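These numbers come from a predicted model, not from an experiment. Here is how names work: the chains are called A, B, and so on, in the same order as the sequence lines, proteins then strands, and each is numbered from 1.
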Amino acid sequence: MSERRVRVRFAPSPTGGLHMGGVRVALFNYLFAKKHGGDFILRIEDTDQTRYVKGAEEYIINSLKWCGIEPNEGVGFGDGPHAPYRQSERKEKGIYKKYADMLVKSGHAYYAFDTSEELDEMRKRLEAAKVAAPQYNAVSRQTMRNSTTLSEDEVKKLLDAGTPHVIRLKVPRNEEIRFHDIIRGWVVVNSSQVDDKVLLKSDGMPTYHLAHIVDDIEMEISHAMRGEEWLPSAPAHILIYRYLGMEDKMPQLAHLPLILKPDGNGKLSKRDKSGLPMFPLNWFDERTNESYIGYREHGFFPEAFINMLVLLGWNPGNNEELFTKDELIKIFSLERVNKAGAKFDPEKTKWFNQQYLRKRPDTELAEMIRPVIEEKTGKKYDAKFLEGFCRLIKEKAHFVNEMWDLGSYFFITPTSWDAEVLKKRLNEQTLSLIKQVRQDLAALADFTAVETENTFKATAEKMGIGTGQVMQLFRVAITGVGGGPVLFEMMELFGKEESLKRLDNAIAAFKV
RNA sequence: GGCCCGUUCGUCUAGGGGUUAGGACGCGUCCCUUUCACGGAUGAAACACGAGUUCGAUUCUCGUACGGGCUACCA
């Protein structure tokens, strides 16, 4: 048990887009593995043929890549010594059957021939008898068609005839099952609460319960992190390890708290009315024809997305909350994961992106936004201008893709001007001031922010007008709108020619 | 219903037998900026409830309430 090499896995089912809850499980696994210099494996648990969704596997891989939490072994990330990593392929190699047979042989599992109708009947019968938890267990198994009730001959005959059957775990009637969870401590459950779980389905596929255990053993997994929804079935899993005689190979368990809906109750679902995505990337569900927007397409930086996720249910123990991935790897620990579910907070999520937007160098931002701007305007811009735009406008944005809407007037010479401001501030006196400022500005050799501001102020003073009376009107003349970044900075960026042109346009259009 | 897990400001959380119960998001006010935003300052805002243990419980124990999860030949 001690000093095992750290090997963890993320093992999603390809039944749809990877939900952000899943991304967080992957993230915790990734951070834990990197922190301990271990391995992070991607295993695809595609044992349910009926729920298999084409494209889901690729989506999972792409999502992990975008988030920067890449496994170093497994499907899509280079096969390692334990290939294959897709359970359907492992099933073909007879891996699961072998373990199931071991359990049958040792008397800890049995064949069950019950049809689904018979199972339904059993449940109805138990419900009618007011049994608190109707299930296939040590008691009800005695009334069913399985190898614990049938004679050896009968069983052999059924098996030889190819009768559809499953293999079930033979859970003892009344036994205390104790297990330790890194996050929750000791958990005790009586086996009477655990049902005889199906291990091998009638189509020959293993269920999750068998498959994940077999794979965790064979892939030498040291720590199993998964969502809290698995806590109730953990006792059954303990039993399987025990009956296999492989308790020493059992990974340490860590059941992560769930991410809950921001408002109301319940766990976060595929859609949320907060307006923020629930998926890392855009996802289109072919079955239902529904599409879901992704964090990437919404305009999030992967770093911000990850930073937000890691703080849902974990914290470093101090007041810091902005971390690079490398910092997270250094400080992450399972001991600091909370027990309680965490409500997702859309507002704070946006705040994280804003923080990362602000940190991003203007040179990078400029290249990110260049395609948008060139597409909108049909013109080319040099890097300097775009960088200046980013520098001035980014303080107001949460997302790169908001920057155009916030400052399209950087690129488009205004042809209309904020009517409210005009109504309030435009009169003969202010108009004449603007005309005069235009003249004085034209005389400037150095069209810098400092010079233009000094000129504006001097002219206003000369004419006996308080700057407060005309400042906003002047801004509107230049940009068309009443708010925005520091005006003189913008004028410097626009340049003398463009600034004067804008003033001429305004002067021509302003009617007192 | 049964079983399991949980419960500190609206939200994410720190803390932990004796604290002015700290931070962040959001919200309010003020300053900065003749705008908006950023930034700075500041305010309102929490230990679910009841017992027990204790000199003293938000912290430990037990109940209650509430919330969540599970209860499939799904994961």
Identity of whatever pairs with rA46(B) - Watson-Crick or G-U, under 3.5 angstrom: none
RNA chain B contacts made by residues 344-357 of chain A, counting heavy atoms under 4.0 Å: Asp345(A), Glu347(A), Lys348(A), Trp351(A)
OP1 or OP2 of rC74(B) under 4.0 Å from side-chain N/O of Lys201(A): yes
Nearest-angstrom distance from the residue atom CD of Gln472(A) to P of rU33(B): 17 Å
Set of side-chain hydrogen bond (donor to acceptor under 3.5 Å, both in side chains) partners for Arg336(A), sequence neighbours left out: Asn315(A)
Under 4.0 angstrom between Lys267(A) side-chain N/O and rC70(B) OP1 or OP2: yes
Check ion pair Lys339(A)-Glu228(A) (N to O, under 4.0 angstrom): no
Given RNA chain B, 5'-ward residue of the pair Glu320(A) and Gly317(A), judged by closest heavy atom: Gly317(A)
Parallel, tilted or perpendicular: rings of Trp186(A) and His180(A) (30°, 60°): perpendicular
Short side-chain N/O contact to rU13(B) OP1/OP2 from Asn338(A), under 4.0 Å: yes
Rounded C1' spacing from rA24(B) to rC66(B) in Å: 26 Å
Base rC73(B) paired with Thr207(A) side chain (donor-acceptor, <3.5 Å): no
All side-chain hydrogen bond (donor to acceptor under 3.5 Å, both in side chains) counterparts of Ser432(A), not counting sequence neighbours: none
Rounded P spacing from rG10(B) to rC47(B) in Å: 8 Å
Nearest-angstrom distance from the residue atom CG of Leu276(A) to P of rC25(B): 17 Å
Write down the protein N/O and nucleotide N/O pairs, taken from nucleotides 1-5 of chain B, whose separation is under 3.5 Å; answer none if there are no such pairs.
unit_1: rG1(B); atom_1: N2; unit_2: Ala132(A); atom_2: O; d: 2.9
unit_1: rC3(B); atom_1: O4'; unit_2: Gln193(A); atom_2: OE1; d: 3.4
unit_1: rC5(B); atom_1: O2'; unit_2: Arg184(A); atom_2: NH1; d: 2.5
unit_1: rC5(B); atom_1: O2'; unit_2: Glu228(A); atom_2: OE2; d: 3.2

Nucleic acid contacts - residues 395-404 of chain A versus RNA chain B, non-hydrogen atoms under 4.0 Å: Glu395(A), Lys396(A)
Rounded distance (Å) that lies between atom C1' of rC12(B) and atom CE of Met20(A): 12 Å
Pairing residues for His398(A) by the side-chain hydrogen bond (donor to acceptor under 3.5 Å, both in side chains) criterion, not counting sequence neighbours: none
side-chain hydrogen bond (donor to acceptor under 3.5 Å, both in side chains) contacts touching residues 402-412 of chain A (sequence neighbours left out): none
Any Arg51(A) side-chain nitrogen or oxygen under 4.0 Å from OP1 or OP2 of rA75(B): no
Test: Arg90(A) cationic atom under 6.0 Å from Tyr85(A) six-membered ring centre, within 45° of axis: no
Distance test, side-chain N/O of Asn319(A) to OP1/OP2 of rG22(B), below 4.0 Å: no
Residue pairs fulfilling salt bridge (Lys or Arg N to Asp or Glu O under 4.0 Å) with at least one residue in residues 162-183 of chain A, sequence neighbours excluded: Glu175(A)-Arg242(A)
Qualifying side-chain hydrogen bond (donor to acceptor under 3.5 Å, both in side chains) pairs with a residue from residues 197-210 of chain A, counting only residues at least two apart or across chains: Asp195(A)-Lys197(A), Tyr208(A)-Arg226(A), His209(A)-His237(A)
Complement of rC60(B), any strand, by Watson-Crick or G-U distances under 3.5 angstrom: rG52(B)
Phosphate-side-chain proximity, Thr47(A) and rA75(B), N/O vs OP1/OP2 below 4.0 Å: yes
Spacing of Glu321(A) atom CD relative to rG22(B) atom P, expressed in whole Å: 17 Å
Residue pairs, two or more places apart or on separate chains, that pass salt bridge (Lys or Arg N to Asp or Glu O under 4.0 Å) and touch residues 466-488 of chain A: none
rC38(B): pairing nucleotide in any strand, Watson-Crick or G-U under 3.5 angstrom: none
Salt bridge (Lys or Arg N to Asp or Glu O under 4.0 Å) partners of residues 112-123 of chain A, not counting sequence neighbours, each pair once: Glu118(A)-Arg145(A), Asp120(A)-Arg123(A)
Electrostatic pair Asp362(A)-Lys394(A), nearest N-O below 4.0 angstrom: yes
Whole-angstrom distance between rG15(B) and rC9(B), as gauged at atom P: 15 Å
Separation between the C1' atoms of rA14(B) and rU19(B), rounded to whole Å: 13 Å
Contact under 4.0 Å: Arg358(A) side-chain N or O vs rG39(B) OP1/OP2: yes
Residue pairs passing the salt bridge (Lys or Arg N to Asp or Glu O under 4.0 Å) test where at least one lies in residues 350-359 of chain A, sequence neighbours excluded: Glu347(A)-Lys350(A), Arg358(A)-Glu395(A)
